[in-house]
**Q** 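The structure's right below; bear with me while I get my questions together.
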There are 2 protein chains.
Amino acid sequence: MTQTDITPHGVSISVTEASPKLGRKRDHTRDPEILEAALDVLAETGFDGMTVDMVAARAKAGKATLYRRWPSKNELVLDAVALMKKADVEPSKLPDTGTLRGDLVAMIKPPSIKDGERKLSIMAGLFSMLWRNPELAHAANAALVEPRVAANRILIQRAIDRGEISAQSDVETLALISPSMAAYRSLILQKPVDREFLISLIDEVLMPAFGLRGGDPV
Amino acid sequence: MTQTDITPHGVSISVTEASPKLGRKRDHTRDPEILEAALDVLAETGFDGMTVDMVAARAKAGKATLYRRWPSKNELVLDAVALMKKADVEPSKLPDTGTLRGDLVAMIKPPSIKDGERKLSIMAGLFSMLWRNPELAHAANAALVEPRVAANRILIQRAIDRGEISAQSDVETLALISPSMAAYRSLILQKPVDREFLISLIDEVLMPAFGLRGGDPV
DNA sequence: GATATACGATACTGTAGAGTTTCGGATCTT
DNA sequence: AAGATCCGAAACTCTACAGTATCGTATATC
């Protein structure tokens, strides 16, 4: 399971599997580039606005090359979304400031905000598709949202463990607040999910919901 | 401004405006039926999956009839979404139980839940479209979400006025919590926004955020 | 360096659906 | 009742795009 072994989506095209004694090997090193291009186009135009030609052009690849690797636009997008999982937050890299609020604030550094914005764009682009494709809906949630929710879960659990917040707290619901409101704000209100918003979210909603008071030290 | 004067979307097609001395008048009484059919199809298949033929079939109308009234599928959908505004919650009909929690719980009676589900379906169907059409995004928010947020604002303001919750409460942010989390749960998690969820939302998130304790008397 | 193969570019095919036109029948107006 | 106009149905055109096929070029393997 190497790093480059990304998302073969299980579809083996070559049935004959003839022995390639001579010639050129299939260059799979460009797969991630193509998938990233697909994500860009997806985020910019949405699934239905997105054409395979756009993706090919963006990746400077031939359309035929894309079809050599993915049997359809659907599979391409599915793989592209799956690629996002690589950005999973490692538990060991989570902030550990000693207070829940400190941890939450530490989570919203600029690179994280930008990453979040891209994920929301991709999510928005997927939506019409999502509605008719439960498999994709699940994959999208797993790749785009669940990592952040999982991180929140860990931070909250830590706060419970050190007695900062009540052990009766509903971790599952609480971990969903921030992603929920960020998604709504971005996807529906089409307003930016910036530091100011996230801070006010922490102080106005999250901290009270944890039974704590929001603070000013940012 | 009569009741039936729904959504002329400002496009006057008849340039000549010749005097129709004889014959049959255009039957605009069916416009709402057609728009409701459009909303149904939209909720079921999403904007991009929706075809004008589907809408015509559902409304038992000819496709030509639709195009006689709306210049394009876009305008049709725009008008259909605008139609939803009719379901605006009248402030005078809002519950007034004496406590904020009582009011909030009273808001989630079954018919309201069903209405909310339909709105979320429509919202989901619109999404890919929304992404490329800010005008529609605004109209959708105004018609589908804003009414509920406005109702929440009123309930919260009342609670402030009678001293139940702090006057420093951020009404705007707090009014958004419930719609945000409901939308996220439905659109992204594709889980039902049912009474159980809404109650736990009130008790686990809203009430603490208001500085109150959730109660059991449902 | 020869050769087989993958590559990017581009031309092509097939289909689905937006929007138009046509037409016989229904219905409002006088 | 008569005539003008609207209706639903269905056939039609046109365009966009998914997916395929072709071709000259580039490159890895031998």
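Note that this is a predicted model, so its numbers are computed, not measured. Convention: sequence-line order gives letters A, B, ...; per-chain numbering from 1. Side chains included, hydrogens not; waters and symmetry mates left out as well; all remaining heavy atoms used.
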**Q** Please list, chain by chain and in numerical order, all residues satisfying salt bridge (Lys or Arg N to Asp or Glu O under 4.0 Å) with Arg158(B), sequence neighbours excluded.
**A** Asp96(B)

**Q** If you look only at pairs with a residue in residues 40-50 of chain B, which of them pass as a side-chain hydrogen bond (donor to acceptor under 3.5 Å, both in side chains), with sequence neighbours excluded?
**A** Asp40(B)-Arg118(B), Glu44(B)-Arg58(B), Asp48(B)-Ser128(B)

**Q** Going by salt bridge (charged side-chain N to carboxylate O under 4.0 Å, His left out), name the pairs with one or both residues in residues 181-190 of chain B, residues two or more places apart or in two chains.
**A** none

**Q** For Glu33(B) and dC7(D), give me the distance from atom CD to atom P, rounded to whole Å.
**A**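 To the nearest whole Å, that distance equals 13 Å.
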
**Q** In B/S/- notation, 5' to 3', how is nucleotides 16-23 of chain D contacted by protein heavy atoms closer than 4.0 Å?
**A** -SBBBB--

**Q** Supply the atom-to-atom distance Ile113(A) CD1 to Phe197(A) CZ, rounded to the nearest 0.5 angstrom.
**A**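 If I round to the nearest 0.5 Å, the distance is 11.0 Å.
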
**Q** Run the side chain to side chain donor-acceptor pair (under 3.5 Å) test against Thr173(A) and tell me which residues pass, sequence neighbours left out.
**A**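 Residues passing side chain to side chain donor-acceptor pair (under 3.5 Å) with Thr173(A): Asp170(A).
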
**Q** Under 4.0 Å from OP1 or OP2 of dA6(C): is there any side-chain N or O of Arg30(A) that close?
**A** no

**Q** Take the protein atom CZ of Arg69(B) and the nucleotide atom P of dC6(D), then report the distance between them rounded to whole Å.
**A** 10 Å

**Q** Counting only side-chain N and O atoms of Thr65(B), is one of them less than 4.0 Å from OP1 or OP2 of dC7(D)?
**A** no

**Q** Taking ring pair (Phe, Tyr, Trp, His ring centres under 6.0 Å) as the test, write out the residues that go with Phe127(A), two or more places apart.
**A** Phe127(B)

**Q** Would you mind reading off the distance between Leu66(B) atom CG and dA9(D) atom P, rounded to a whole angstrom?
**A** 12 Å

**Q** How many whole angstroms separate atom CH2 of Trp70(B) from atom P of dT20(C)?
**A**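 Computing the Trp70(B):CH2 to dT20(C):P distance gives 15 Å.
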
